[in-house]
Structure formats: structure tokens, C-alpha cells
Amino acid sequence: QVQLVESGGGLVQAGGSLRLSCAASGSIFSINAMGWFRQAPGKQRELVAAIISGGSTNYADSVKGRFTISRDNAKNTVVLQMNSLKPEDTAVYYCNVRAVPAITLGSKDYWGQGTQVTVSS
């Protein structure tokens, strides 16, 4: 199976920075995409940022210019650098990996356990 281990998150003042990291391990044939979602209380889960195997990135309009997503293919790790944080960024952040576990299988989505990000005003 594919396992995801997240690190980072915490409490930070507005204007501060946090770095979220997610490492994938286990039976992995290939990784097609990696990204971060977030969900605030009473809100729908939304895509924050994603990066595909070819290197293309996609960001939510609300974080564009403040957040940066990157990959380390050798370590199967995705990092979300969050700068100029706002109280509106407060949410549980979930790592998502779309991976092919074996050459005979199709891709599947794997999720991290979630990490809390709280930004105080």
C-alpha cells in the first residue's frame, strides 16, 4: 500500500510563514500528481495547489502569489511553502497523491491524515 506522512502545520500570526511536507512511501509504480487540499469548518474541501508529473502547477486564486508547491521526485515528497498567511487560510490541510501502485493497476487517490493550520489576526 501507499502511505503518506505529513509534517508541518501549527499556529502562526498573520503575515507569517509555514511549510507543509508530505512524503509518499510503499508500493508505488509511478506518481501522476501531488497536491494539497484544505477544509475549513462548514466549508467544502478545496484544492489549494497541485503539481503534476510534467511539472505543471495549479493554484487556487486565493493563494496565488503567496503559496508555492514543489516536488522532490527522488524522495516522493511534495512541499507547500505558505507565506504571507492570512486568517482566512485557517483550515485542515490534506496531502493528496494520485499514484499507480502497480503497472497492472490504474491510478488511485491517497490521502494524508490532515494537519491543522491556524492563522491568528
Side-chain angles (χ1 to χ4, degrees):
Q1 289 187 313
V2 176
Q3 297 89 38
L4 305 181
V5 178
E6 299 171 327
S7 62
L11 175 64
V12 66
Q13 288 184 300
S17 298
L18 286 173
R19 184 184 182 188
L20 305 183
S21 180
C22 176
S25 63
S27 298
I28 303 172
F29 176 74
S30 64
I31 295 177
N32 296 333
M34 307 183 82
W36 290 91
F37 290 73
R38 68 185 181 187
Q39 187 168 20
K43 300 289 186 178
Q44 293 286 314
R45 184 173 60 187
E46 64 175 352
L47 175 67
V48 179
I51 184 167
I52 63 175
S53 60
S56 297
T57 58
N58 186 41
Y59 296 92
D61 289 339
S62 60
V63 308
K64 203 167 296 181
R66 300 187 296 120
F67 292 9
T68 303
I69 190 168
S70 60
R71 287 184 63 178
D72 185 336
N73 292 333
K75 299 179 180 179
N76 287 336
T77 299
V78 61
V79 171
L80 184 68
Q81 179 66 46
M82 304 185 293
N83 298 325
S84 301
L85 283 162
K86 305 175 181 179
E88 304 89 86
D89 296 317
T90 296
V92 177
Y93 285 68
Y94 297 91
C95 178
N96 171 257
V97 174
R98 179 162 292 180
V100 179
I103 193 170
T104 57
L105 301 176
S107 63
K108 296 176 62 177
D109 282 334
Y110 300 89
W111 295 90
Q113 77 282 1
T115 183
Q116 178 71 47
V117 171
T118 302
V119 184
S120 61
S121 60

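Residue numbers count from 1 along this sequence. Please read all numbers here as calculations on a predicted model, not as lab measurements.
The same ILVMFWY cluster, assembled from side-chain heavy atoms under 4.5 Å apart, contains both Trp36 and Leu4. With hydrophobic clusters built from ILVMFWY side chains whose heavy atoms lie under 4.5 angstrom apart, Val12 shares a cluster with Val63. Linking ILVMFWY residues whenever their side-chain heavy atoms come closer than 4.5 Å, directly or via other members, places Val119 and Leu80 in the same cluster. Taken together through direct or relayed side-chain contacts under 4.5 Å among Ile, Leu, Val, Met, Phe, Trp and Tyr, Val100 and Ile103 form part of one hydrophobic cluster. When hydrophobic clusters are built by joining Ile, Leu, Val, Met, Phe, Trp and Tyr residues whose side-chain heavy atoms come closer than 4.5 Å, directly or via intermediates, Val5 is not grouped with Leu20.
Dense packing is recorded around CD of Gln113, with more than 12 heavy atoms of other residues, nucleotides or ligands lying under 6.0 Å away.
For the pair Ser30/Asn32, a side-chain contact is recorded, criterion being any heavy-atom separation below 4.5 Å from C-beta on. Counting heavy atoms from C-beta outward, Phe67 and Leu85 have side chains that approach closer than 4.5 Å. The side-chain heavy atoms of Gln116 and Thr90, taken from C-beta on, include a pair separated by under 4.5 Å. Side-chain atoms of Val97 and Asn76, non-hydrogen and from C-beta on, never get closer than 4.5 Å to each other. Residues Ile31 and Arg71 meet the side-chain proximity criterion, which asks for heavy atoms closer than 4.5 Å. In this structure, the side chains of Pro101 and Tyr110 come closer than 4.5 Å at one or more pairs of heavy atoms.
In terms of heavy-atom proximity, Asn83 sits nearest to Ser17 at OD1-OG, 2.9 Å. Considering all non-hydrogen atoms of both residues, Val78 and Cys95 come closest at CG1-SG, 4.0 Å. Of all heavy-atom pairs spanning Val79 and Ser21, the tightest one is CG2-OG, 4.1 Å. Residues Tyr59 and Ile69 approach most closely at OH-N, 2.9 Å, considering heavy atoms.
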Got a list of side-chain donor-acceptor pairs under 3.5 Å for residues 39-58, not counting sequence neighbours?
| residue | atom | partner | partner atom | Å |
| --- | --- | --- | --- | --- |
| Gln39 | NE2 | Lys43 | O | 3.2 |
| Glu46 | OE2 | Arg38 | NE | 2.8 |
| Glu46 | OE2 | Arg38 | NH2 | 3.3 |

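Within the 3.5 Å criterion, the main-chain N or O of Asp72 finds no donor-acceptor partner in the side chain of Thr77. Side-chain atoms of Gln81 never come within 3.5 Å of backbone atoms of Thr68 as a donor-acceptor pair (strictly under, hydrogens ignored). Distance alone, capped at 3.5 Å, is enough to place a donor-acceptor pair between the Arg66 side chain and the Ser84 backbone.
Going from atom CD of Glu88 over to atom OG of Ser62 covers 9.0 Å, rounded to the nearest 0.5 Å. Separating the OH atom in Tyr93 from the CD atom in Glu6 is a distance of 12.5 Å, to the nearest 0.5 Å. Here CG of Leu18 is found 9.0 Å from OG1 of Thr115. Values are rounded to the nearest 0.5 Å.
Between Lys86 and Asp89 no salt bridge is recorded (no basic side-chain N to carboxylate O distance below 4.0 Å).
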